[in-house]
Amino acid sequence: MLKRQIGTLFLITCLILTAVPAALGAQNTVTVSPTSGSNAQTAINNAINSVASGATASNPGYVILAAGTYKISAPIVLKSNVVLKGAGDNTIIYATGSVCNSDGAPAYIFGSGVSNVEISHLQFQSSATGPKDGGHGDYRNCIKFTSVTNGKVHDILFTRYLYGDGVRISKSSGIEVYDCRIKSSGHDGVSFLSGTKNSRMYNNYVEVQTNTGVRVDNCANIEVDHNTFTGSAGSGWCCVQLQNTLTDVKVHNNIMHDYKGSSSSAGVGNWNAKGSISVSDNVMWNVSPYVQVGSGSNILGPSDRNVENWVAKGYGYGSIGSKSSSQSTATVNSTSETNAQAASNTTAEPTANATATATANATTATTANITATTTTANTTATETAPQQVAETDNTSLIDKNTIITHDNRLREATPDTVYKDKLYIDIGSRPGVGKYRDLLLFDLSEYSNAENISSATLSLYWYYPDGTERPEDAVVEIYRPAAAWNPEKVTWNSRDNGVLWAQPGGDWYDMNSVSQGDAPYATITLKGSDIPDNRYYELNVTDLVKEYVSGEYENTGFLIKTRGENADYVAFYSSEVENESQRPVLTIEEKS
């Protein structure tokens, strides 16, 4: 085998020193596991009530639903400032047709008069068996928001078949529905109703089943963009329904293709719609009629009917930094979360003249499947002659250092500032200041055969906070940036000059190709009680490096963040540090 070190990472990161509050808030998190019977909502609602107490918009409570099926007999009721998050497609909310079928219980997950809520990484199932089981009206919806301010629904799978709407929104403001796969709904996939305003549906894959993919009725400032609509159920009547009085409604950059309804097969359907309506820059084929209402030019009946080609051009699901347009069901592994009640300590960002001893002990520590290994202090960043290290099955291991190209720091508190050329990179969060993430990029051009790569390890030298315990563990995670970024222009808000991230703080895919997913390619935990110990910590990035070398994905580097991003701030040395033995290193082991 050949063992190469892709040496010092040119981690271009900056820190701006800011005052820190004397007391930092702690994140409140409760994990719920499936129970027997059909009353799972009881445990979930108890958890929501628990974390909601004392939660704020800037320090929300988290209810984490572990993988499994949650059979409910009454609604899961949202409270303000609460995040409800599952483990992806493996977390299933299940209900029969008799559940949530009244004014007081209109949906499986219901929020009324609340603010700052988020629902993500779930799958909905029901006992429905076909389109005939669906119905109109306000009941048996998967998610319903009434008079909600600032809500997010994302990374959810709505399976075939379901009863009411996937997401039903009325009299609400600031609602976002994104990165969902709506493969069925008994009525509308998403509906914006009754005075809803300032809301958006984007980057969703929608199979229209019974009525429409999305309905916008008596609303203002609604955007429906970068979604893909299709459907062969032979029921329903349009992909997008525009209805009654509308103000500043924009439908753009969607793909609508191969839809066959029962009463009609329209792309954009009109139900007494009037007002300011823009329907532009959509791509449509095999839908009829194409557009019944709204002004603007669209691409109708193109000769190129390859969905992936249009996604690459900026249309439809997967075109704005989330996962690809394939409709496969990706699984997100369950995260391990615990109740977090500890008091927080005051920490400050590292200063430019902070130093650390370069001595390293020859000991190793393992965390889960990631190894934290000490590295000798004489590790260098320059290319060295190959050196035979060991022999296994008549193959040899050779060390080689290769140049890394860039890194940038993303700082939430100054979201439009480019940070580079500092001695350190930082991740996590400091309450009262905000979140920190980093982008790193190595040159992998000298590697041509992914099958020859047996391992790839990213080594980071822990640097700060020196001598200070932190209020929370820092669970370091590695993800794949969703798009190329310009090191001279990248910020918390933008990946290039004038090109915004779809999500502030960077767009990424996890190891299951889930957009903004939570199954990292690699992870390691730095305990809150631990302090920097003058050694490297290693993360196994073999799978991601092989994906880049094979050409499966463009090499966009690594996005590094912490899982909790709450009072878990840590920093590592960058490639700008003078001591070469403290710079980041990527070690690749190849078969000869």
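Remember, predicted model here, so these are calculated numbers, not experimental data.
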With a 4.5 Å heavy-atom cut-off, do Leu65 and Ile93 have their side chains touching? yes
Calculate, to the nearest 0.5 Å, the distance between atoms CD1 and CG belonging to Ile143 and Leu122 respectively. 7.0 Å
Give the intermediate values and the outcome of side-chain contact (heavy atoms from CB on, under 4.5 Å) for residues Ile427 and Glu477. CA-CA 10 Å; Ile427 56 176; Glu477 297 182 326; over 6 Å; no
Salt bridge check, Glu488 against Lys420: does any charged N sit closer than 4.0 Å to a carboxylate O? yes
Mark yes or no for whether Ser494, through its side chain, and Thr491, through its backbone, hold a donor-acceptor pair below 3.5 Å. no
Check whether any side-chain heavy atom of Thr245 sits under 4.5 Å from a side-chain heavy atom of Lys274, and report yes or no. yes
Side-chain donor-acceptor pair present, Asn81, Asn116, cut-off under 3.5 Å: yes
Looking at Thr212 and Gln241, would you say the former's side chain and the latter's main chain have a donor-acceptor pair under 3.5 Å? no
Minimal heavy-atom distance between Pro481 and Tyr548, with the atoms involved, is CD-OH, 3.9 Å
Do side-chain atoms of Asn141 reach the backbone of Asp165 as a donor and acceptor pair under 3.5 angstrom? yes
Inter-residue atom distance Leu84.CG - Lys79.NZ, 0.5 Å rounding: 13.0 Å
My understanding is that only residues two or more places apart in sequence, or in another chain, count here; which of them pass side chain to side chain donor-acceptor pair (under 3.5 Å) with Glu176? Tyr202
Any side-chain heavy atom of Lys435 within less than 4.5 Å of one from Lys561? no
Between Asp89, Thr159, Asn204, which is the residue that forms a side chain to side chain donor-acceptor pair (under 3.5 Å) with Arg181? Asp89
Nearest 0.5 Å, please: how far is CG in Asp217 from CG in Leu193? 5.5 Å
Using a 6.0 Å cut-off, check whether atom CH2 of Trp237 has over 12 heavy atoms from anything other than its own residue. yes
Counting distance only, does the side-chain N/O of Trp501 pair as donor-acceptor with the main-chain N or O of Val490 below 3.5 Å? no
Measure up the Trp310 and Tyr315 rings against each other and bin them: parallel (under 30°), tilted (30 to 60°), perpendicular (over 60°). perpendicular
Between the main-chain N or O of Ala220 and the side-chain N or O of Thr247, is there a donor-acceptor pair closer than 3.5 Å? no
Write down the atom of Ser264, the atom of Pro289, and the distance for their closest heavy-atom approach. OG-CD, 4.0 Å
Which residues pass the ring-ring contact (aromatic ring centres under 6.0 Å, His included) test with His154, sequence neighbours left out? His121, Tyr178
Can you list everything that forms a ring-ring contact (aromatic ring centres under 6.0 Å, His included) with Tyr108? Sequence neighbours excluded, please. none
Of all pairs that satisfy salt bridge (charged side-chain N to carboxylate O under 4.0 Å, His left out), the ones with a partner from residues 145-163, not counting sequence neighbours: Arg160-Glu207
Gap between atom NZ of Lys260 and atom OG of Ser265 - 0.5 Å precision: 4.5 Å
Do Val251 and Met256 touch side chain to side chain, with heavy atoms closer than 4.5 Å? yes
Minimum heavy-atom distance between Ala519 and Asn512, given as atom pair plus value: CB-ND2, 3.6 Å
Check Arg563 with Asp518, please: is the shortest side-chain N to carboxylate O separation under 4.0 Å? no
No-hydrogen, no-angle side-chain donor-acceptor test under 3.5 Å, Tyr553 and Ser513: yes
One should read off an interatomic distance between Asp188 CG and Arg168 CZ, to the nearest 0.5 angstrom, of 7.0 Å
Parallel, tilted or perpendicular: which one describes the rings of Phe124 and Phe158, with boundaries at 30° and 60°? parallel
Where do Leu78 and Val114 come nearest, in terms of heavy atoms and distance? O-CG1, 3.7 Å
So CG of Asn150 and OG of Ser172: to nearest 0.5 Å the spacing works out to 10.0 Å
Closest approach of Gln243 and Leu246, non-hydrogen atoms and distance? O-CD2, 3.5 Å
Donor-acceptor pair between Thr562 and Tyr436 side chains, under 3.5 angstrom: no
With Tyr259, which residues qualify under ring-ring contact (aromatic ring centres under 6.0 Å, His included), at least two apart? none
Asn203 and Asp179: side-chain donor and acceptor closer than 3.5 Å? yes
Sub-3.5 Å donor-acceptor pair from the side chain of Arg495 to the main-chain atoms of Ala484, do we have one? yes
Any residue meeting ring-ring contact (aromatic ring centres under 6.0 Å, His included) with Tyr70, in chain and number order, not counting sequence neighbours: none
Judged by modelled atom types alone, do Asp258 and Asn286 share a side-chain donor-acceptor pair under 3.5 Å? yes
Has the side chain of Asn306 got a donor or acceptor atom that lies under 3.5 Å from a matching backbone atom of Asp304? no
Whether the side chain of Asn298 engages the backbone of Asn282 through a donor-acceptor N/O pair (distance < 3.5 Å, no angle test) should be reported. yes
Any side-chain donor near an acceptor of the partner, Tyr317 and Asn254, under 3.5 Å: no
Shortest non-hydrogen pair, Asn198 vs Ser173, comes out as ND2-OG, 3.6 Å
